[in-house]
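Only heavy atoms go into these numbers, but all of them, side chains included; no hydrogens, no water, no symmetry mates. Quick note on labels: first sequence line is chain A, next is B, and so on, each numbered from 1. For clarity, every value in this text was computed on a predicted model and none was experimentally measured.
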Number of protein chains: 2
Amino acid sequence: MKSIAVVEDEKMVAKELSSMLEKEGYDVHCIDDFSEVTETVLELRPDLLLLDINLPGKSGFQICREIKNKSSIPVVVVTSRDQLPDELHALELGADEFLTKPYRKERLLARVANVLRRYEGRSNMLEGPGFLLDRGTYTLYVDGSSVLLPKNQGKILEALMTELGNVVTKETICEAVWGTSEFIDENALQVNLTRLKKTLAALPMKVQIASERGVGYKLLPSDTSEKAPEGEV
Amino acid sequence: MKSIAVVEDEKMVAKELSSMLEKEGYDVHCIDDFSEVTETVLELRPDLLLLDINLPGKSGFQICREIKNKSSIPVVVVTSRDQLPDELHALELGADEFLTKPYRKERLLARVANVLRRYEGRSNMLEGPGFLLDRGTYTLYVDGSSVLLPKNQGKILEALMTELGNVVTKETICEAVWGTSEFIDENALQVNLTRLKKTLAALPMKVQIASERGVGYKLLPSDTSEKAPEGEV
DNA sequence: TAAATCCTTACATCCAATGTAAGTGGTGTT
DNA sequence: AACACCACTTACATTGGATGTAAGGATTTA
């Protein structure tokens, strides 16, 4: 069953949407704490996000941008203002669909189903900044071309991507690669990491592996040096 | 440069669309023979098809269906009738976007760019009935999961898919696999074909490999028995 | 500077993918 | 029916990429 998260401040509308979608067989979750929408959505990991742009507090655009940056969850934007600039802006930010209220029930459902169909099978794709990783085969898609990663390198990259930007301990990575953390020569991990680095360096990737001495590794945007908070990009 | 095929019977509108898209940097090709739209489009292989639903002769719906069955070209449907049933029908047939005239220039361009962006990177994906094949790594996507084919099996499947339903000679396949048709033990091909058959049989695939005695092989829908109406041979 | 940690390189091993070979089974022709 | 031809299967040897191992160099930290 596909799950849908709904972010809508008018409670009446939210309720209506919710029952409409549930009647269609979706698992609906309405979010009504608008202060941490992004976090909640990332935690829920719904198959789709239905997002009202006009919210109290943080703008829906901002939320859309954050979701799109941090996940591959499809976003359908709805709004009461039928204004072209809003639509263009939303699409630019990566929204997958844009609908204006009042929407016909059938149109909404058709568009939602359409978006979901497009994302079908992409469920085991991990999304990183500018690339996709197929968790089944460790095929890496960058810049319109595809490369097959060796299994170990794939598993390491997968482990790092689940904590994008944060440090992953060596123990965690070992477990992800060899299935257990009973003592495995950390050198083996080291060598595989070096190999992964070399592989990534040969591709037009916008990320880079950084090591945290004594702890583990993390994935970072490649142009940003670790120490220098000088605002370049 | 992305190419777009335009199918629109009102010449004025077609011209306007064409210049608008060209100004945006697309390579536009207007199709004005409406009797063989599908064939023309499949030959042109544009990056996107802009399709008017209201055509003289064959219905745009029919064309949309055919294109979607025989290729993975994204289709944007436009119409002058703003009728919900049309929209639902088009989306059901696999249309990627639906717009009603009169459309704002910016909206059309934004939607077109959005669709093109979605298909980015899918350029080296071969599409078959119910599955996708990545020509770069020979990753096969079926039914929401992915499998990595051995290179030779991948190359053979690729060769067969380019002539979906038609026979491909053994020589052609050999060339596709080993790069040359200087004499290579046909047995090698045979063995690899057997292996591919076994691989496909283990997956929920809707196609099957059939052999044509003395000639070569072809890809067929798996439920169809080989025996054609007696009239031929 | 010394110790800890991280990185690089080279080499040995292993395993999946492939090629080879020999034999079986089916099909069409005379 | 007998034969030739082609398609298929199976088993085994070979190969090459991926991995693990080991040793030594580089870097960071105290």
Side-chain angles (χ1 to χ4, degrees), chain A residues 136-140 147-160 167-171 173-202 208-218 220 225-228, chain B residues 136-140 147-160 167-171 173-174 176-202 208-218 220 226-227 230 232-233:
Chain A
T137 62
Y138 303 115
T139 303
L140 185 60
V147 184
L148 190 66
L149 296 183
K151 277 192 242 317
N152 281 354
Q153 295 182 37
K155 286 179 184 171
I156 295 175
L157 182 57
E158 181 184 3
L160 293 178
V167 179
V168 182
T169 65
K170 284 180 283 191
E171 290 72 35
I173 301 180
C174 279
E175 218 164 301
V177 176
W178 291 283
T180 168
S181 59
E182 30 169 303
F183 188 66
I184 292 173
D185 190 357
E186 278 197 1
N187 191 22
L189 174 61
Q190 179 51 57
V191 171
N192 280 288
L193 253 155
T194 299
R195 286 169 180 156
L196 176 57
K197 281 187 189 176
K198 192 177 296 179
T199 303
L200 297 186
Q208 197 176 35
I209 293 174
S211 57
E212 192 95 338
R213 196 181 175 84
V215 189
Y217 299 85
K218 60 182 166 180
L220 286 177
S225 106
E226 170 63 337
K227 303 193 164 178
Chain B
T137 61
Y138 303 114
T139 304
L140 185 59
V147 183
L148 190 65
L149 296 182
K151 274 192 244 318
N152 281 354
Q153 295 182 37
K155 286 179 185 172
I156 295 175
L157 182 58
E158 180 184 4
L160 294 177
V167 179
V168 182
T169 65
K170 283 181 283 193
E171 289 73 34
I173 301 180
C174 278
V177 175
W178 291 282
T180 169
S181 59
E182 32 168 301
F183 189 66
I184 293 172
D185 190 357
E186 278 197 359
N187 191 21
L189 175 60
Q190 179 52 57
V191 171
N192 280 288
L193 252 154
T194 299
R195 286 170 180 156
L196 176 57
K197 281 186 189 178
K198 192 177 296 179
T199 304
L200 297 187
Q208 197 174 37
I209 293 174
S211 58
E212 192 97 339
R213 196 180 174 84
V215 190
Y217 299 85
K218 60 181 166 181
L220 287 177
E226 168 60 342
K227 311 215 168 179
E230 311 280 314
E232 51 193 317
V233 161

Short side-chain N/O contact from A/Trp178 to OP1 or OP2 of D/dT19, under 4.0 Å: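 A/Trp178 to D/dT19 OP1/OP2: no side-chain N or O under 4.0 Å.
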Distance test, side-chain N/O of A/Lys170 to OP1/OP2 of C/dC6, below 4.0 Å: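 So the side chain of A/Lys170 is within the cut-off, an N or O lying under 4.0 Å from OP1 or OP2 of C/dC6.
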For atom CG of A/Leu196 and atom P of C/dC7, their distance in whole Å: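 Whole-Å distance recorded here is 12 Å.
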Rounded interatomic separation in angstrom, taking CD1 from A/Ile173 and P from C/dC6: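 Rounding to the nearest Å, CD1 of A/Ile173 and P of C/dC6 are 11 Å apart.
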Atom pair CD1 (A/Ile173) and NZ (A/Lys170), whose distance is rounded to the nearest 0.5 Å: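 One finds 9.5 Å between CD1 of A/Ile173 and NZ of A/Lys170.
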Side-chain donor/acceptor pairs under 3.5 Å, residues 150-160 of chain B, sequence neighbours excluded:
residue	atom	partner	partner atom	Å
B/Gln153	OE1	B/Thr199	OG1	2.6
B/Lys155	NZ	B/Val177	O	3.4
B/Glu158	OE1	B/Tyr138	OH	3.2
B/Glu158	OE2	B/Arg135	NE	2.9
B/Glu158	OE2	B/Arg135	NH2	3.0

Check nucleotides 8-10 of chain D against the protein and report each pair of N or O atoms closer than 3.5 Å, with its distance, or say if there are none.
residue	atom	partner	partner atom	Å
D/dC8	OP1	B/Lys197	NZ	3.2
D/dC8	OP1	B/Ser211	OG	3.3
D/dC8	OP2	B/Gln190	OE1	3.3
D/dC8	OP2	B/Tyr217	OH	3.1

Test side-chain contact (heavy atoms from CB on, under 4.5 Å) applied to A/Val215 - qualifying residues, sequence neighbours left out: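 With neighbours one apart ignored, the set is A/Val167, A/Thr169, A/Glu212.
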pair A/Leu200-A/Lys197: side-chain heavy atoms closer than 4.5 Å: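 A side-chain contact under 4.5 Å is absent here.
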Minimum side-chain heavy-atom gap B/Leu193-B/Ile209 below 4.5 Å: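 The answer is yes; the side chains approach within 4.5 Å.
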End axis versus end axis in the helix from C/dT1-D/dA30 to C/dT30-D/dA1, the angle rounded to 10°, five pairs used at each terminus: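 Both end axes considered, the difference amounts to 30°.
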Smallest separation among heavy atoms of B/Val147 and A/Thr137, with atom names: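 Looking at all heavy atoms of both residues, the closest pair is C-CG2, 3.7 Å.
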Short heteroatom pairs, N/O only, protein and nucleotides 24-30 of chain C, under 3.5 Å:
residue	atom	partner	partner atom	Å
C/dG26	N2	B/Arg213	NH2	3.0

